[in-house]
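Just so we're on the same page: letters track the sequence lines, and every chain starts at 1. For clarity, every value in this text was computed on a predicted model and none was experimentally measured.
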There are 2 protein chains.
Amino acid sequence: MKKEITCPLHYTMTLIGTKWKPLILFHLIEGPLRSGVLQKQIPEISNKMFTQSVRELEKDGLINRKIYPVVPPKVEYELTKKGLSLKSILKSLDLWGSEHFKL
Amino acid sequence: MKKEITCPLHYTMTLIGTKWKPLILFHLIEGPLRSGVLQKQIPEISNKMFTQSVRELEKDGLINRKIYPVVPPKVEYELTKKGLSLKSILKSLDLWGSEHFKL
DNA sequence: GCAATAACTTACTTTAAAGTAATATACACT
DNA sequence: AGTGTATATTACTTTAAAGTAAGTTATTGC
């Protein structure tokens with residue numbers, strides 16, 4: 001049974017409410033990164049989830065994929081305008097974590 | 001294989017990065033609500049996920065559970081100080097959704 | 001004694017998210 | 001011909017999230 005979305009926040013969570021997507025967006029805040037570099041900045045992510053997540057973020061218009069026709073391949077990801085509009089939220093979420101995560 | 005948390009944002013997402021938790025917290029921003037009232041404000045949530053989510057939010061110190069010893073039972077949920085500190089983030093996430101969710 | 005009430009709880013099933021590991025591509029270099 | 005490189009895909013398995021539906025408690029009022 002598919003449920004309706006009754007609250008804008010609910011919609012936001014369907015786009016970025018996953019384990020990895022906010023982390024990927026967060027690491028792109030300072031500018032575009034090559035695929036491999038981005039993935040190394042999130043060492044815990046599996047290869048599969050990385051590709052799957054960037055695919056979905058691209059489909060949802062939050063990041064752009066720039067392909068350079070060179071060998072070996074070079075691909076860069078960067079935030080779109082829509083993705084960039086999450087910048088302050090992502091920073092707040094990170095700051096909140098650093099303030100409340102006691103080891 | 002359990003993975004380490006290398007970024008505060010990752011920790012934040014482990015606490016509230018689910019479909020329902022941010023929604024529950026969001027509806028408590030304006031003040032405490034009775035269990036039944038809160039649940040009715042999120043009509044899409046199943047009974048089980050409601051109980052499970054508030055239990056975890058309580059365990060993680062984001063909400064308080066106030067039990068009134070009356071019959072039939074009365075229980076209220078309210079944000080803790082820690083939960084309240086998410087207020088502006090939750091409002092931003094909701095606002096972002098309303099600005100980007102085109103029907 | 002039975003229904004109504006509010007808030008859970010439990011057992012079970014389904015669906016979605018995430019992990020693992022192997023394989024593909026395409027060319028440059030040795 | 002075989003190796004290295006960067007990016008990505010596929011098949012498969014495991015784990016976690018979510019859904020469904022029925023049952024529990026404790027009391028009031030008929």
Side-chain angles (χ1 to χ4, degrees), chain A residues 1-7 9-11 13-25 27-28 32-60 63-78, chain B residues 1-7 9-11 13-25 27-28 32-60 63-78:
Chain A
M1 185 185 185
K2 219 167 224 166
K3 295 292 178 58
E4 302 294 309
I5 285 176
T6 57
C7 178
L9 172 53
H10 193 174
Y11 164 73
M13 296 319 285
T14 64
L15 283 198
I16 61 164
T18 68
K19 193 170 177 181
W20 300 117
K21 286 180 188 177
L23 234 23
I24 290 173
L25 295 171
H27 281 102
L28 290 175
L33 286 180
R34 278 191 78 159
S35 180
V37 174
L38 176 56
Q39 197 172 340
K40 278 188 197 81
Q41 297 202 354
I42 312 170
E44 316 94 332
I45 198 173
S46 69
N47 182 251
K48 184 209 152 182
M49 285 314 294
F50 176 74
T51 310
Q52 189 176 303
S53 298
V54 291
R55 287 285 164 283
E56 292 177 14
L57 288 171
E58 191 191 6
K59 175 177 65 61
D60 292 330
I63 63 176
N64 273 139
R65 188 160 180 262
K66 293 199 297 182
I67 305 158
Y68 297 82
V70 294
V71 168
K74 175 176 174 178
V75 173
E76 278 188 350
Y77 293 103
E78 66 180 355
Chain B
M1 186 183 183
K2 220 169 221 163
K3 296 292 178 60
E4 302 293 311
I5 287 177
T6 58
C7 177
L9 172 54
H10 193 173
Y11 164 73
M13 296 319 285
T14 64
L15 283 199
I16 61 164
T18 69
K19 193 170 177 180
W20 301 117
K21 286 181 188 175
L23 234 25
I24 291 173
L25 295 172
H27 282 102
L28 290 175
L33 286 179
R34 277 191 78 158
S35 181
V37 175
L38 176 56
Q39 198 172 339
K40 278 188 197 80
Q41 297 203 354
I42 312 170
E44 317 94 331
I45 198 173
S46 69
N47 183 252
K48 185 208 150 181
M49 284 314 294
F50 177 75
T51 310
Q52 189 176 303
S53 298
V54 291
R55 285 286 164 286
E56 292 177 14
L57 288 170
E58 191 192 7
K59 175 176 66 59
D60 292 330
I63 62 176
N64 272 140
R65 187 160 181 262
K66 292 199 298 183
I67 305 158
Y68 298 82
V70 295
V71 167
K74 175 176 176 180
V75 174
E76 278 188 352
Y77 293 104
E78 65 180 355

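The stretch residues 48-58 of chain A touches DNA chain D through A:Lys48, A:Thr51, A:Arg55, each having a heavy atom under 4.0 angstrom from the strand. Listed in residue order, the members of residues 67-77 of chain A having a heavy atom less than 4.0 Å from DNA chain D are A:Pro72, A:Pro73, A:Val75, A:Tyr77.
In this structure, the CE atom of A:Met13 is 10 Å from the P atom of D:dA18, given to the nearest Å. A:Ile24 places its CD1 atom 14 Å from the C1' atom of D:dA8, with the value rounded to the nearest Å. Atoms NZ (A:Lys19) and P (D:dA17) sit 9 Å apart, rounded to a whole Å. Atoms CD (A:Gln39) and P (D:dT7) sit 9 Å apart, rounded to a whole Å. Taking atom NZ of residue A:Lys40 and atom C1' of nucleotide D:dT7, one finds them 11 Å apart after rounding to whole Å. Atom NZ in B:Lys21 sits about 13 Å away from atom P in D:dA16, given to the nearest Å. In this entry the distance linking CG of A:Asn47 with C1' of C:dA18 reads 13 Å, nearest Å.
In the displayed structure, A:Lys40 atom NZ is contacted under 6.0 Å by at most 12 heavy atoms of other residues, nucleotides or ligands.
Residues satisfying the side-chain contact (heavy atoms from CB on, under 4.5 Å) criterion with B:Lys74, sequence neighbours excluded, are B:Arg34, B:Tyr68, B:Val70, B:Glu76.
For the side-chain contact (heavy atoms from CB on, under 4.5 Å) with B:Leu57, the lone residue among B:Leu15, B:Asn64, B:Leu25 that qualifies is B:Leu25.
Side-chain contact between A:Glu78 and A:Leu28 is absent, with no heavy-atom pair separated by less than 4.5 Å. Looking only at side-chain heavy atoms (C-beta outward), A:Arg65 and A:Arg55 come within less than 4.5 Å of each other. At a threshold of 4.5 Å between non-hydrogen side-chain atoms, the residues A:Glu56 and A:Ser53 do not count as touching. A heavy-atom distance below 4.5 Å is not found between the side chains of A:Tyr77 and A:Ile24.
Interatomic distance, CG of B:Leu9 versus OG1 of B:Thr14, reported as 10.0 Å (0.5 Å rounding). Between atom OG1 of residue A:Thr18 and atom CD of residue A:Gln52 there is a gap of 9.5 Å, rounded to the nearest 0.5 Å.
The side chain of A:Arg34 has D:dT7 as its nearest neighbour among D:dT7, C:dT20, C:dA7.
Between A:Arg65 and D:dA8 there is a side-chain polar atom (N or O) within less than 4.0 angstrom of OP1 or OP2.
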